[in-house]
Amino acid sequence: MKLGSLAALCAVLSVFISQASAAGDQVVIGDIDDLSGVYADAQGQGGIEAINMAIADFGGTVLGKKIVLLTVDHQNKPDIGATKFREWADQNGLNMLLGGSNTGVSIAMSKVAAAKKVPFIAIGAGGASLTGADCTPYSVHYAYDTTALANGTASVIIKNGGKTWYFITADYAFGTQLQESATRVVNANGGKVLGAVRVPLGTTDFSSFLLQAQASGAQVLGLANAGTDFSNSLKAAAEFGITKTMKPAALLAFLSDIHSLTLQTAQGLYLTTSWYWDLNEETREFGKRFFAKTKREPTMDQAGAYSATLQYLKAVKAAGSTDSDKIMAELKSAKINDMFTKNGYIRADGLMVHQMYVMQVKTPAESKYPWDYYKVMKVMPGDDAYGSQPDPACSFVKK
Amino acid sequence: MTTVFGVPLPAILGQLTLGLVNGSFYALLSLGLAVIFGLLGIVNFAHGAFYMLGAFAAYIGLQVFGVNYWFALVLAPLTVALLGIVIERLLLRHLYGLDPLYGLLLTFGIALIAEGIMRDQFGSSGKSYPVPALLRGVFDLGFMVLPIYRAWVVVASLAVCAMTWFLIERTRLGATLRAATENARLVQAFGINVPLLVMGTYGGGVALAALAGVLAAPVVQVSPLMGSSLVIVVFAVVVIGGMGSIIGAIVTGLGLGLIEGFTKVIYPEASNVVIFVIMAVVLMWRPAGLFGKE
């Protein structure tokens, strides 16, 4: 008995020792994301693939240390995301965390980033509060945010005559922030919001809410939701003939959503994206490599995950260390130039300011080859999309 | 304009009509669950997964084999029922007579596996299934426009519900089935093949779920997750109606669809909890459900 427990103790100790020493000669990157729920196609497994591609492209090592990737599914539950992040920071020597589709989960994880002083690069989440009221010195918001989405889609639609709006909003942090951002743009451009309805996340039948939207008499149907919620609401709008009287505005739509809706349903839709695979030679080349592995063209989140990983590894190399404060300083001073964006930079509050595109979804006749879905309607310089000044709501930025 | 609770009457009528459409889905799904529980004593947590597989069977049929919607209405439920029968023969039959908890856990596991496989194959954002050409367009009811397809859903599911009720409550086969659940050994002694009867019943219940899936395919995204959110609501419907009560499942399904539709106008944020609030109230007042036997 005594011998047995001694052996067990030794086994436990040896695990601790091997982990501790492993953390010393490795650079550990984590990815906590929705791998199974409504947002899994926007980043999910494809995001993991993109991160792995970035690690491989960087050579697999940095400062002579092996780069290791840990992944887990947060199941859209903030507590799972935060607990896993804390566990990896405490036990696995985590150096940097990526991921976090779902604003609620990302807000919870940025609290852990601040407490553990581990950089957290949010990719898939949209909520602009991540670098505003919920900002931390260790958070970076990388691919897009609700402010930029609204500045893109909402302003283009208003300029085309869509003055009165009704919102169908996902009832949690992301949806409400997206609706707020879009409302600001609508009001600033002389438009008017006639009403909004908050719908629980994961609703499948949107017909009741659409009837309410139609009854409002608004010209524009603002869809402040994402993923399957977005697909189902647009599909029902088309079925009920609402898209004939109201113009739908996709405040957040990913390439994967358009692919699953098909062009027949999605044609003519305006949307804002930070990246599209068919923009130029560089993006097509990345798209081709990604497609070879996953049989899908990458979304902006997946391209963003690739870019963010490379950017972090470059920062580690430049700083000659994985020390979080040095890395954050390095990240905020470097220009970002890769296939994801040109002349991007990370603002003092942690927001990555970069070019955005307002797209229109092609008609089936305009689409010439597989995944040929968007035409560029407007290119927005980063400062126009996000604003060049840090968010005044962010507490640590000197005013 | 006439108003009810400060909401214009046309809006109420519109929401009630939509509630009826959703109620038809609830009725069809809870009917299958009630049949399986009533006759087999299995809490079939895989019901949502069979519903999802029914929709995917229609989608795959159309994309790969060019099977149109009308054939899919028959073929998809048959295919999924066959899968259900295999599961019943290989796995479920070992659990008869045990605590219902075992059946619940097994079927829950089956549901997770089915969802995982479909997610791996088709992604989480799902696929689009077109509305059949014959049912495109809308009816103008005056207070709202109702897509012809949704009206079809109500008619089709009410017809199937009525047929199922008739089969179980009014035919000789139904009588034998009900007798077999009361006393299997005695029925077997009369020379009736009870295991075959049970297998057929499970297949039938699964087919009802798959049929609901085919009916839903043109309305919602055909996605691996489409069943998991619905199955919880459907369980609530069955519990409110009285576990195993056929008529209870049908009436409660339609009724709750209407109440949910009404909630969507009054206070939309509560639309996904109202059914569970009703469930709690009903269970306090009548623990066996509205139509259940104490």
Side-chain angles (χ1 to χ4, degrees), chain A residues 34-42 44-46 168-169 171 196-212 214-215 226-236 238-242 244-245 253-266 294-296 299, chain B residues 7-8 10-11 13-19 21-22 25 112 115-116 119-120 122-131 136-138 140 143-150 216 218-230 233 257 260-265 267-273:
Chain A
D34 179 3
L35 301 182
S36 59
V38 288
Y39 302 140
D41 276 359
Q45 291 293 347
I168 292 194
T169 304
D171 190 19
V197 59
R198 290 189 178 183
V199 183
L201 180 69
T203 295
T204 49
D205 178 51
F206 282 85
S207 48
S208 306
F209 310 116
L210 289 165
L211 280 197
Q212 296 176 39
Q214 196 178 30
T228 328
D229 285 357
F230 160 73
S231 312
N232 277 326
S233 45
L234 186 66
K235 203 174 167 182
E239 193 198 351
F240 278 80
I242 288 168
K244 288 191 191 112
T245 52
F254 294 100
L255 191 70
S256 48
D257 299 324
I258 304 302
H259 181 69
S260 74
L261 273 169
T262 70
L263 293 183
Q264 191 58 43
T265 313
T294 62
K295 301 284 164 266
R296 302 172 77 87
T299 62
Chain B
V7 181
L13 286 175
Q15 298 301 341
L16 291 182
T17 313
L18 292 174
V21 178
N22 284 335
F25 281 116
L112 290 180
E115 273 170 21
R119 190 165 52 228
D120 186 54
F122 297 95
S124 69
S125 42
K127 299 289 174 190
S128 282
Y129 189 91
V131 176
R136 280 182 204 155
V138 292
D140 195 343
F143 54 89
M144 72 176 291
V145 283
L146 181 68
I148 295 174
Y149 188 83
R150 303 239 175 183
V219 181
V220 297
Q221 283 289 97
V222 178
S223 106
L225 301 172
M226 66 192 280
S228 57
S229 49
L230 201 57
V233 174
E260 199 187 40
F262 199 66
T263 317
K264 282 176 177 171
V265 215
Y267 188 61
E269 287 88 337
S271 60
N272 62 344
V273 288

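Proteins get letters first, then strands, A, B, ... in listed order; numbering begins at 1 in each. Values reported hereafter were calculated over all heavy atoms of this structure, with side chains retained and with hydrogens, waters and symmetry mates removed.
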Applying side chain to side chain contact (heavy atoms under 4.5 Å, CB included) to B:Glu115 and A:Ser36, what does each step give before you reach the verdict? CA-CA 9 Å; B:Glu115 273 170 21; A:Ser36 59; over 6 Å; no

Carefully, step by step, assess A:Gln45 and B:Arg119 under the rule side chain to side chain contact (heavy atoms under 4.5 Å, CB included). CA-CA 11 Å; A:Gln45 291 293 347; B:Arg119 190 165 52 228; over 6 Å; no

Just do the side chain to side chain contact (heavy atoms under 4.5 Å, CB included) check on B:Leu18 and A:Leu211 with the steps written out, would you? CA-CA 10 Å; B:Leu18 292 174; A:Leu211 280 197; 3.5 Å; yes

Start with the C-alpha distance between B:Val220 and A:Phe206, add both sets of side-chain angles, then the distance that settles side chain to side chain contact (heavy atoms under 4.5 Å, CB included), and finish with yes or no. CA-CA 9 Å; B:Val220 297; A:Phe206 282 85; over 6 Å; no

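Both the backbone and the side chain of B:Val219 come within contact range of chain A, judged by heavy atoms closer than 4.5 Å. For a residue to count as touching a neighbouring chain, one of its non-hydrogen atoms must lie under 4.5 Å from one of that chain's; by this rule A:Ile258 does not touch chain B. Residue contact with chain A, scored on non-hydrogen atoms closer than 4.5 Å, is absent for B:Phe25. Residue A:Val197 touches chain B through its side chain alone, counting heavy-atom pairs closer than 4.5 Å. With a 4.5 Å cut-off on non-hydrogen atoms, B:Pro130 does not touch chain A at all. Within the 4.5 angstrom heavy-atom criterion, atoms from both the backbone and the side chain of A:Ala40 approach chain B.
Inspection of the B:Gln15 and A:Ser208 side chains reveals an N or O donor paired with an N or O acceptor under 3.5 Å.
Between the OG1 atom in A:Thr204 and the CG atom in B:Asn22 there is a gap of 7.5 Å [rounded to 0.5 Å].
The two residues A:Pro200 and B:Asn272 have their closest heavy-atom pair at CB-ND2, 3.2 Å. The shortest non-hydrogen separation linking B:Ser125 to A:Ser256 is OG-O, 3.8 Å. The minimum heavy-atom distance linking B:Gln221 with A:Leu261 is given by the pair OE1-CD2, 4.0 Å. Closest of all the heavy-atom pairs between A:Lys235 and B:Pro218 is CE-O, 3.6 Å.
In this structure, the side chains of A:Asp205 and B:Lys264 come closer than 4.5 Å at one or more pairs of heavy atoms. Inter-residue side-chain proximity for B:Ser271 and A:Phe209 is flagged as met; some heavy-atom pair is nearer than 4.5 Å. Side chains of A:His259 and B:Lys127 form a contact here, defined as non-hydrogen atoms less than 4.5 Å apart. The shortest distance between side-chain heavy atoms of A:Gln264 and B:Ser128 does not fall below 4.5 Å.
Checked by atom type and distance alone, the side chain of A:Asp41 pairs as donor or acceptor with a backbone atom of B:Ser124 at under 3.5 Å.
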